[in-house]
Amino acid sequence: MDVWSSLMDGFATALTPMNLLFAVIGVLLGTAVGVLPGLGPAMTVALLLPVTAALEPTSAFIMFAGIYYGGMFGGSTTSILLNTPGESSSVVTAIEGNKMAKAGRAAQALATAAIGSFIAGTIGTALLAVFAPIVVQFAVSLGAPSYFAIMVLALLAVTAVLGSSRLRGFASLALGLAIGLVGIDSVTGQRRLTFGQPLLVDGLDIVVVAVAIFAVGEALWVAAHLRRTPLHVIPVGRPWMGKKDWGRSWKPWLRGTAFGFPFGALPAGGAEIPTFLSYVTEKRLTKHPEEFGKGAIEGVAGPEAANNAAAAGTMTPLLALGLPTNATAAVMLAAFTSYGIQPGPQLFSSEGPLVWALIASLFIGNFLLLLINLPLAPVWAKLLQLPRPYLYAGILFFATLGAYSVNLQAFDLVILLVLGALGFMMRRFGLPVLPLILGVILGPRIEGQLRKTLQLSAGDPAGLFSEPIAIVVYIIVALILAWPLIFKLVRRNRPVAATVVPGNSGATVPREAGGVSHGSHRADGTADGDGGSDG
């Protein structure tokens, strides 16, 4: 009943005319930017982050809810019409969606993606409203040692599964932690990594960092690989679905939602795994297996529902624990930080009206997305015809304007360009961006919890293991770090027992299978983090 009454209060706040207007603006802005080629939801939110700087927090986050879901919708449009996913979670949607578009069924592909997104987002948001307070009750009981361990787990888990190698992931994390150290030490008052520059004493503004790494870095990277040939946009009418399309889509929508929300709520879960699992599941369960690979509607409906359910799931650890599990959630955490609001166990008690208005606005934004954007699909398709040089010049212009508007300091533009160049180099050398952003945001918080833990134990490192939950989390961390070595040993030893070829000596074949072929491959794979297959 408390959840229901709080949610109703949230709707009362979110449905005021002014906040409803911000929700509509957020949906339109998010879709307009998200539909452009190469721009995913994370970059959309980062680019539009400064737009909300002058708003009061509740209106700003209601607008962000629209931008968030609008960016997700735009990403599916780009995947289907251009075969250009804005982020990795939209890759699976592009497999069948673009084939449907080329077969003249772009309208049906866009419709099943939009309606599936609406259904999954609505169910996911309802689950968020139910489970977030439960997670908060659990989190409030945690002490500093457990909270520190959970944040370390979130950092390491996300870092270990991203990018073409674990080494690159941890290099990106180290860069983020170093950027997070810039400023004054909160305990000793000493300056750290300010290089004698007074404007760095307060640290780097997270909005400037996010815009630089996501928007400027991506724009420079795409500009460096800009193709002069015009994009071939598949024409699309108003999205609609026939009775047969509805019959083939509703079960994949529900199954995709069931896959997406749990993975989104887990550290390092993300949307990539559930979208892939949804696609594989639909391929096995379909009554039309011959259509897969040629444009099966189930291959769009399921993964797109999983993608949006995972997006709703990421809000659970973000609001309840202050832990982002994907790039978009990390940028939203940056938005909270820019307002001086700290997501975590105390958020529901200290900022209850804002949180429930935000959750209610996720429902509203999801509905507005369907109501407004289905008729506007042909308009969004025309946006794809913008010349690429104009598009990315515009992105750089708005990123620069947004970064300057945060503090009205020209020095922020220097930081923007330096970090934008860093973002470009990270893409050049295959370093994932998310660990850096997480390091910048979570680094100072992890340092604070570590110091609090050591103060409670009078400097004894054993204090880190003083709570049962902390011990369990450290065991999970150890397994994550040791898994590649364990997997390597299992792969190396398995062929020795299994490979028996008549006519051979019995020693030669296992040595070749385990020592030469698999052994050398895994040695390279471990060094590159399976970069050969993923890259």
Side-chain angles (χ1 to χ4, degrees), residues 40 42-43 46 87-88 148 151-183 192-193 195 200 203-204 206 208-222 224-225 267-270 272 323-331 333-334 415-447 450 476-485 487-488 522-535:
M43 185 174 169
E87 58 174 16
S88 55
F148 171 75
M151 285 197 286
V152 169
L153 171 63
L155 269 185
L156 294 183
V158 171
T159 302
V161 301
L162 287 176
S164 57
S165 80
R166 293 159 68 94
L167 181 61
R168 292 188 179 99
F170 284 112
S172 175
L173 177 61
L175 286 171
L177 293 174
I179 294 172
L181 288 175
V182 175
R192 301 187 300 192
L193 300 178
F195 306 102
L200 288 176
L204 296 177
I206 187 60
V208 177
V209 175
V211 171
I213 296 295
F214 280 109
V216 177
E218 181 70 19
L220 292 175
W221 174 251
V222 174
H225 298 79
E272 292 82 2
L323 297 177
T325 58
N326 65 10
T328 313
V331 180
L333 180 58
I415 298 297
L416 182 77
L417 293 176
V418 171
L419 292 180
L422 174 63
F424 171 81
M425 296 304 294
M426 289 176 68
R427 288 164 174 81
R428 167 64 181 83
F429 292 105
L431 271 66
V433 173
L434 178 56
L436 183 143
I437 297 295
L438 289 182
V440 174
I441 298 172
L442 293 183
R445 295 175 57 196
I446 289 178
E447 180 186 10
L450 175 61
I476 297 173
V477 168
L479 289 175
I480 290 174
L481 294 176
W483 173 248
L485 179 61
F487 187 71
K488 177 182 176 181
R522 291 306 303 170
D524 293 340
T526 304
D528 292 337
D530 299 323
S533 58
D534 295 338

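This chain uses plain numbering: 1 for the first residue, then up along the sequence.
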Query raised in the report: Rounded to the nearest 0.5 Å, how far apart are CG of Leu436 and CG of Leu431?
Result: 9.0 Å
Query raised in the report: Do Ile213 and Val440 touch side chain to side chain, with heavy atoms closer than 4.5 Å?
Result: no
Query - Minimum heavy-atom distance Ser172-Val433, with the two atoms named - result: OG-O, 4.2 Å
Query raised in the report: If you look at every heavy atom in Pro435 and Gly169, which pair is closest and at what distance?
Result: CB-O, 3.7 Å
**Report entry** Nearest-0.5 Å distance, CD1 of residue Ile446 to CG of residue Leu450
**Finding:** 9.0 Å
Query raised in the report: Nearest heavy-atom pair of Ala329 and Pro324: which atoms, and what distance?
Result: C-CB, 3.6 Å
**Report entry** Shortest non-hydrogen separation from Gly420 to Val216 and the atoms involved
**Finding:** CA-CG1, 3.7 Å
**Report entry** Shortest non-hydrogen contact between Leu175 and Leu422, atoms and distance
**Finding:** CD1-CD1, 4.2 Å
Requested in this report: Nearest 0.5 Å please: distance from the CE atom of Met425 over to the CG atom of Leu220.
Outcome: 11.5 Å
Report summary line: The salt bridge (Lys or Arg N to Asp or Glu O under 4.0 Å) partners of Arg428 (sequence neighbours excluded) come to none
Report task. Taking all non-hydrogen atoms of both residues into account, name the closest pair between Glu447 and Leu181 and its distance. Result -> OE1-CD2, 4.2 Å
